[in-house]
Amino acid sequence: MFSAFFWKVNESMITEKKQQLLNSIKESGLVLVGLGKEFHIAKEPFTRWELYRKWKAADINQDYLWMEPFLQKIWLKQEKHLETEKAYASLAKLLEGTNYFIVTLCTDGIIYESGLAEDRIVAPCGNMELLQCREGCTKELYLWKNEMEQELTEAVLTGSLETCRPFLCPHCQKPLEWNTIEGQKYNEEAYLPMWQRYTKWLQGMLNRKVCIVEAGVDFSYPSVIRWPFEKMAYFNEKADFYRIHENWYQLPEELKEKGNSISYNSRDFFVNLFV
């Protein structure tokens, strides 16, 4: 009985926080959103994917491990990721008609299929859209092409992995990898122009009503979102600050009066925002 009552109270509080957020965004001139790991696509469904299983069965001696990150890209593109897609759709609806900017730590690229404006999104950790030289011999970046996907898919489906050659840098012939921060020598060239646009946008926050939303951000790369967002919320007297996370929802002492701490999985929070 006690557990059921607590859940009811908790849900009531969440509903109240949702309404506060809706009102805050409606009243604000600018909306800044930071997205973290809770918006990442979970890898577990990928390992249950039919093509992944075929690849594992064919690569008995693990000679073709280089294929896995590219298979993951194909999976991200071909399969539905309903809950995450719903969360992004809800976020797009929430931000419609507002002057917003989004900083995302996610590298899967799903956000670019959400209807959110690409020129208002910066991904400083990179994403699985561009390829770079693993050894960093050049700053040049390469597009993931349909023929790469087709070649890899056919090799796995036929069980003839040896027919698919590794994707190599045209300059040094070393393997190509995704242009993400997980790489050995991350090439930051791709996101820097959008980062400059973002920093210019931030200049417009001065003396304006601002809503700052931090969703699903843990302590991975805290200097990108967590710490700067706290600082902006603290120094801007007209800022409303929302921190939404299942575990890392706590606020520093300086923000407890003006901040909103929401102990809830941020992706689920947005999935159910307009329900």
Side-chain angles (χ1 to χ4, degrees), residues 18 20-40 84-85 87-130 179-181 188-218 220-245 251 255 258-260 262 266-267 269-270 273-274:
K18 287 178 180 177
Q20 287 179 6
L21 176 61
L22 291 171
N23 292 340
S24 178
I25 288 178
K26 186 177 180 180
E27 296 166 0
S28 295
L30 298 172
V31 184
L32 175 60
V33 180
L35 302 178
K37 279 191 174 181
E38 286 184 335
F39 269 74
H40 284 192
T84 301
E85 289 170 8
Y88 279 129
S90 181
L91 182 60
K93 181 179 177 182
L94 179 67
L95 298 176
E96 188 175 2
T98 69
N99 183 356
Y100 69 87
F101 220 104
I102 299 173
V103 185
T104 179
L105 299 179
C106 300
T107 58
D108 50 54
I110 298 296
I111 192 172
Y112 296 106
E113 308 297 327
S114 65
L116 291 158
E118 289 191 24
D119 62 351
R120 291 179 176 268
I121 301 169
V122 62
C125 292
N127 63 71
M128 297 166 68
E129 297 293 330
L130 296 171
N179 177 226
T180 70
I181 202 165
E188 300 184 72
E189 294 296 313
Y191 85 84
L192 288 179
M194 194 57 68
W195 186 264
Q196 292 172 357
R197 184 185 178 112
Y198 165 58
T199 54
K200 185 176 181 180
W201 180 89
L202 288 176
Q203 295 171 13
M205 292 176 62
L206 188 65
N207 294 322
R208 296 186 66 181
K209 174 74 172 171
V210 179
C211 182
I212 301 174
V213 184
E214 183 193 281
V217 178
D218 57 16
S220 302
Y221 315 111
S223 61
V224 176
I225 294 178
R226 196 172 181 96
W227 295 340
F229 277 34
E230 287 180 357
K231 186 176 180 180
M232 285 184 276
Y234 177 73
F235 284 106
N236 189 327
E237 294 182 0
K238 298 180 181 180
D240 290 336
F241 181 61
Y242 291 83
R243 171 167 284 161
I244 312 166
H245 197 285
L251 294 172
L255 289 177
K258 65 188 305 185
N260 295 274
I262 304 176
S266 61
R267 189 192 66 178
F269 181 89
F270 282 100
L273 185 60
F274 295 102

Quick one: does [X]'s side chain get under 4.5 Å of [Y]'s, heavy atoms only?
X: Asp218; Y: His245; value: yes
X: Leu94; Y: Val213; value: no
X: Asp119; Y: Arg197; value: yes
X: Glu85; Y: Glu113; value: no
X: Phe269; Y: Leu21; value: yes
X: Asn99; Y: Arg120; value: yes

In chain order, what residues pass the ring-ring contact (aromatic ring centres under 6.0 Å, His included) check against Tyr88, with sequence neighbours excluded?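 With neighbours one apart ignored, the set is Phe39.
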From CA spacing to verdict: side-chain contact (heavy atoms from CB on, under 4.5 Å), Phe229, Arg243 | CA-CA 10 Å; Phe229 277 34; Arg243 171 167 284 161; 5.9 Å; no
Practice task
Would you sort out whether Tyr100 and Ile25 count as a side-chain contact (heavy atoms from CB on, under 4.5 Å), showing the intermediate values?
Solution key: CA-CA 10 Å; Tyr100 69 87; Ile25 288 178; over 6 Å; no
For Thr104 and Pro124, the nearest pair of non-hydrogen atoms, with its separation, is O-CD, 3.4 Å
Trp201 CH2 to Leu32 CG distance, which is reported to the nearest 0.5 Å
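So the CH2 of Trp201 and the CG of Leu32 are separated by 5.0 Å.
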To the nearest 0.5 Å, atom NZ of Lys93 lies from atom CG of Leu273 at 8.5 Å
Ser28 (side chain) donor-acceptor with Ser24 (main chain) under 3.5 angstrom
yes
> If only atom types and distance count, is the side chain of Ser114 paired as donor or acceptor with the main-chain N or O of Ile111 below 3.5 Å?
Replying inline: yes
query: Under 6.0 Å from the six-membered ring centre of Phe241 and within 45° of its axis: does the NZ or CZ of Lys258 meet both?
result: no
Practice task
Begin with the C-alpha distance, continue with both residues' side-chain angles, and end with the deciding distance and a verdict on salt bridge (charged side-chain N to carboxylate O under 4.0 Å, His left out) for Arg267 and Glu38.
Solution key: CA-CA 6 Å; Arg267 189 192 66 178; Glu38 286 184 335; over 6 Å; no
- Using side-chain contact (heavy atoms from CB on, under 4.5 Å) as the criterion, list what pairs up with Asn236, not counting sequence neighbours.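 With sequence neighbours excluded, Asn236 shows a side-chain contact (heavy atoms from CB on, under 4.5 Å) to Met205, Val210, Lys238, Ala239, given in chain and number order.
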